[in-house]
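Step one of this worksheet: look at the structure below.
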Amino acid sequence: MRMEELTWPDFEEAKKSIDTVLIPVGSVEAHGRHLPLGTDVFAPLELCRRVEERVRNAGKDVLIAPPIWYGHTFVLNVYPGTIDVRADAFKAYVREVISEFVEEGFKRVVLMNGHGGNVYPLIEAAEEVAESYPNAEIWLINWWIDFREDILSICSSQGHAGQDETSVMLAIRPELVKMDKAVGEKRTSRVRVIRKDIGRELFPDGVNDDPGSATRENGEAILGVISEKIARLLLGED
Ligand SMILES: [Zn+2]
């Protein structure tokens with residue numbers, strides 16, 4: 001069930017039998033010359049859609065809330081099309097959104113995150129809500145981190161706009177992926193260096209991995225295994 005498609009009386013009715021809301025969270029951000037700027041929302045939104053379908057088949061409903069599109073993305077802000085929201089503003093905004101869903105009566109708020117720069121502000125936002133609402137439970141799912149083992153059993157590498165993310169996008173919106181421009185390499189730094197233009201070194205063209213061997217089949221496999229595992233967690237089967 002997609003919240004933005006409901007009227008308020010529909011929503012009020014739905015709340016009677018639904019205790020979990022999934023909120024896709026992403027960023028509008030450079031993802032190489034081959035992936036669209038909305039990649040970090042497309043992926044978690046698709047995971048939410050598949051999780052909803054899976055739990056519905058098990059006889060349970062969840063609500064999918066409208067995505068939070070703009071995130072915190074300091075490093076990639078050196079590239080055109082990256083729209084960065086400062087961490088404190090992003091944290092405060094997300095905190096208000098989560099709080100509202102808790103006020104609406106949802107027992108569990110699942111932040112389905114698609115973007116690395118959001119992780120710390122999302123944890124802080126969730127902690128602040130949990131301080132204010134002792135009964136609230138917030139889950140933070142970072143799909144490429146939490147399910148890294150599964151991903152690396154399908155792909156030989158992963159990274160920003162890399163093999164895993166590109167495969168996932170080939171499965172979701174293949175018409176938006178320019179595979180002829182999918183090039184890159186893994187670059188790492190021994191310690192975290194924070195400098196305004198560090199993104200040009202660590203993420204040349206907005207990529208940090210080799211996306212060349214991405215395939216639609218691998219993307220399907222990744223989405224399948226992750227959505228299955230999340231659905232099982234929500235159903236209390238794991
Ligand atoms: Zn991404």
Side-chain angles (χ1 to χ4, degrees), residues 22-50 67-85 87 90 94 111-123 140-148 150-152 154-179 181-189 192 198-216 218-223 226-227 230:
L22 313 180
I23 311 177
V25 190
S27 72
V28 176
E29 174 187 74
H31 276 78
R33 294 177 184 271
H34 67 293
L35 292 182
L37 298 168
T39 293
D40 285 351
V41 169
F42 289 131
L45 182 57
E46 177 65 13
L47 282 171
C48 288
R49 205 187 60 71
R50 293 181 183 226
I68 295 174
W69 275 89
Y70 300 99
H72 176 54
T73 172
F74 176 83
V75 176
L76 273 298
N77 207 9
V78 287
Y79 295 106
T82 298
I83 306 297
D84 174 38
V85 177
F90 176 68
V94 174
L111 303 173
M112 192 76 85
N113 181 36
H115 170 64
N118 290 347
V119 175
Y120 297 120
L122 288 178
I123 291 171
L140 172 58
I141 297 177
N142 302 304
W143 66 269
W144 71 103
I145 299 172
D146 299 340
F147 302 97
R148 176 172 285 151
D150 298 291
I151 291 167
L152 290 176
I154 296 165
C155 293
S156 57
S157 67
Q158 69 169 166
H160 182 81
Q163 195 187 139
D164 53 344
E165 209 169 31
T166 303
S167 295
V168 163
M169 281 305 296
L170 282 170
I172 303 173
R173 296 290 300 272
E175 76 281 11
L176 300 181
V177 182
K178 302 181 195 314
M179 278 312 284
K181 295 193 166 63
V183 290
E185 61 179 19
K186 192 98 221 154
R187 292 202 181 175
T188 51
S189 164
R192 186 180 286 244
I198 194 75
R200 291 207 185 272
E201 287 168 35
L202 282 182
F203 297 77
D205 281 342
V207 184
N208 189 308
D209 188 32
D210 177 6
S213 51
T215 66
R216 179 174 192 151
N218 283 351
E220 271 298 328
I222 290 170
L223 291 165
I226 294 178
S227 57
I230 294 171

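Count residues from 1 along the sequence. Counting starts at 1 for both ligands and their atoms, following the listed order.
Within the coordination shell of the Zn ion (ligand 1), defined by N, O or S atoms under 2.8 Å, H115 is absent. Here E29 fails the criterion, with no N, O or S atom under 2.8 Å of the Zn ion (ligand 1).
Using a 4.5 Å heavy-atom cutoff, the side chains of W143 and I222 are in contact.
Angle OD1(D40) to the Zn ion (ligand 1) to NE2(H31), rounded to 10°: 100°.
Minimum interatomic distance between Q163 and S167 (heavy atoms only, all atoms of both residues): O-OG, 2.7 Å. Taking each heavy atom of I68 and V41 in turn, the nearest pair found is O-CG2, 4.2 Å.
Take the N/O/S atoms of E165: the one nearest the Zn ion (ligand 1) is OE2.
Between R216 and E220 there is no salt bridge, since no side-chain N of the basic residue sits under 4.0 Å from a carboxylate O of the acidic one.
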